Amino acid sequence: MWSPVWLIVLPLLMAFISVVIKKQQYLLLNLSILLNLAVLYLAPQGMVIIGGFRPPFGISLNFDRYAFISLLLIQVLMLFATFIAGPLAKKYGTVLLVLLAGINGMLLTNDLFNLFVMIEVVSIASFIISTSNGKFTHTFHYLILASVGGVFFLLGAVMVYAYTGTLVVQGLFATLGQLPNAISLIPMMLIILGLAVELKLMPVGSWAKNIYGNSNVLTGPIFAAVLAPAFGFVFGRMMGEVVVLNPITGYTLLFMAIATFVLGELAAYRQKDLLKTLAFSSIAQSGLAIILFTLNLPFAAILLLINNALAKSILFWVATGVSTAYETSSMKGLRGVFYNHRILGITFSIASLSLVGIPLFLGFYAKVTAVMAIFTTGLIWIPVVILATAIIEGAYMMKWLLQLWSPAKEGHLASTEEVPEKREALNMTQIVAVCLVALILFVFGLVPQRVGRVLSVASQAEISQVETVAEGGGQ
Amino acid sequence: MIQFAGIALILIGIYGLMTTKHMIKLIIALNVLELGANIFIISVGFVKNGLAPILTADVPSDLLNFVDPLPQAMVLTAIVIGFGATALGLAVARKVYGKYQTYDLSVIGGEE
């Protein structure tokens, strides 16, 4: 009865129904997410074989602890994102349902070609959602890059099939590892390049600065807090179970990730626009997560992905809310805006401090874990780069916090006359929802070891050794 | 031989994507790239003088010389996905044309 298959089937079914009853699409969307949460709680963990066809003859789903944690995070953030986006989520209800089905499929599937299909479903849904920014050339740019990335991923998957005779993700690493380096090099490069577009790796992730930088209350949180961690988790699964790195692919990927991280943070520091700052910060953080997965440090990477997802969702909700209300996202236009919106200011501050990695926040635990873990690999220069970049990140986030809280110019005392006229950024129910996510982030920061214990099980499951729990359509 | 045709089309598609700023031509280049990829995938399952993998009364049950059906199924799915992305790309291009009266991205410049 309770099978993880429902996590894909339910949103897809609701998407079809929502086309017929358009007025109820928002209700169907929320209902689908809530039912998904129930399925997550009730479904037994393990491998699910669809239609009775055992791998490699059929598609199977891998519902292990790793998938559970990622799915839980996505459903919760999707619920909050659609609730806070309100009318926009109502307008894009059907697309959001397809997006949810695609993401859940991506995180569950144990088949490489099925993963390609799910990535394409998610990509097409996210192209449509990005049109709500009203910047169609940016959507077009994203569409072209992501489609090319999809073709590369498909070619990589087909080459893997040609060399190994299977597309089953579980155990593929061991099979590919037996191939000579020269043979596995091209498919691995193609798979990494295919994922690199959605992971926002430089130079192919150039679409992100425009889509994130012009985001609204729907697109910002969906891209930064739902899609980014989802692709991060998929990349983690690929690194754990499929991708065989040799010195060429390993160092290429590592240098691409480090370049993304450092250049992203430097670009964020130079911005005078709040949304663009958050856009480049998201690109940089994606680079850091890829560094950790590449170095085979999944625990630190998962911690970082969760911290970023929670923090970025709050930052984008508040940033898009105030920039829509005050019709600007520039530093000058938003100076002192939190004087009028103190609760939003507090939530924004909590998220910023956690993102930077200030002690007593989850981000601190995540970054310390990451740095300590990288030291164990012997690549001492990488933690040095991370710490140096963290100073840049801290500098621009503090600069923004000071500017958003204080209406005074730098070096001057603030006066109430300088405070911008108050406008409604988010309504009371939306503020409560933002506060709830901020509370989750704050509580996680108070008990990081407990969070770490739960996640360490998930990180061990990344290379899955799960048993089959359901067959024949998941019954 | 078929594989080389696929790789050639992939390279032509990449060349097109890198050298044009016209939205419709970009979509055509993307389609050429996808077509090349599809031909390449078909070639993976190709067997010389192989039969279709359909079991009929005329085909011996111990036949080993058959074409791999999986790459064909993959291509079928990839064609559908490519069609969807192309349709969406054309719709977005039409929207851009409605706003700027041109398909040339170099004329439109950065959209802020």
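In the text below, chain A, chain B and the rest are named by the order of the sequence lines, each starting its count at 1. Keep in mind the model is a prediction, meaning the values are calculated, not measured.
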**Request:** Pick one of side chain, backbone, both or neither for Phe113(A), based on which atoms fall under 4.5 Å of a heavy atom in chain B.
**Result:** side chain
**Request:** Going by the side-chain hydrogen bond (donor to acceptor under 3.5 Å, both in side chains) test, name the single residue among Lys276(A), His138(A), Lys200(A) that passes it with Tyr212(A).
**Result:** Lys200(A)
**Asked** Looking only at atom types and distance, does a side-chain atom of Asn133(A) sit under 3.5 Å from a main-chain N or O of Thr219(A), one as donor and one as acceptor?
**Response** no
**Asked** Which bit of Leu26(B) comes within less than 4.5 Å of chain A, counting heavy atoms only: side chain, backbone, both or neither?
**Response** both
**Request:** Kindly assign one of parallel, tilted or perpendicular to the pair Trp207(A) and Tyr142(A), based on the angle between their ring planes and the thresholds 30° and 60°.
**Result:** parallel
**Item:** Side chain / backbone / both / neither for Val117(A) at chain B, heavy atoms under 4.5 Å
**Value:** both
**Message:** Heavy-atom pairs under 4.5 Å with chain A: which of Ile41(B), Val80(B), Asn38(B) has the most?
**Reply:** Ile41(B)
**Request:** Give the member of Ile27(B), Asp68(B), Ile10(B), Ile14(B) that has the highest number of heavy-atom pairs under 4.5 Å with chain A.
**Result:** Asp68(B)
**Asked** Between His22(B) and Tyr103(B), how do the two ring planes meet: parallel, tilted or perpendicular, split at 30° and 60°?
**Response** tilted
**Request:** Please look at Ile124(A) and chain B and tell me whether the side chain, the backbone, both or neither of the residue comes under 4.5 angstrom of a heavy atom of that chain.
**Result:** both
**Message:** Below 30° counts as parallel, above 60° as perpendicular, anything between as tilted: where do the rings of Phe116(A) and Phe153(A) land?
**Reply:** parallel
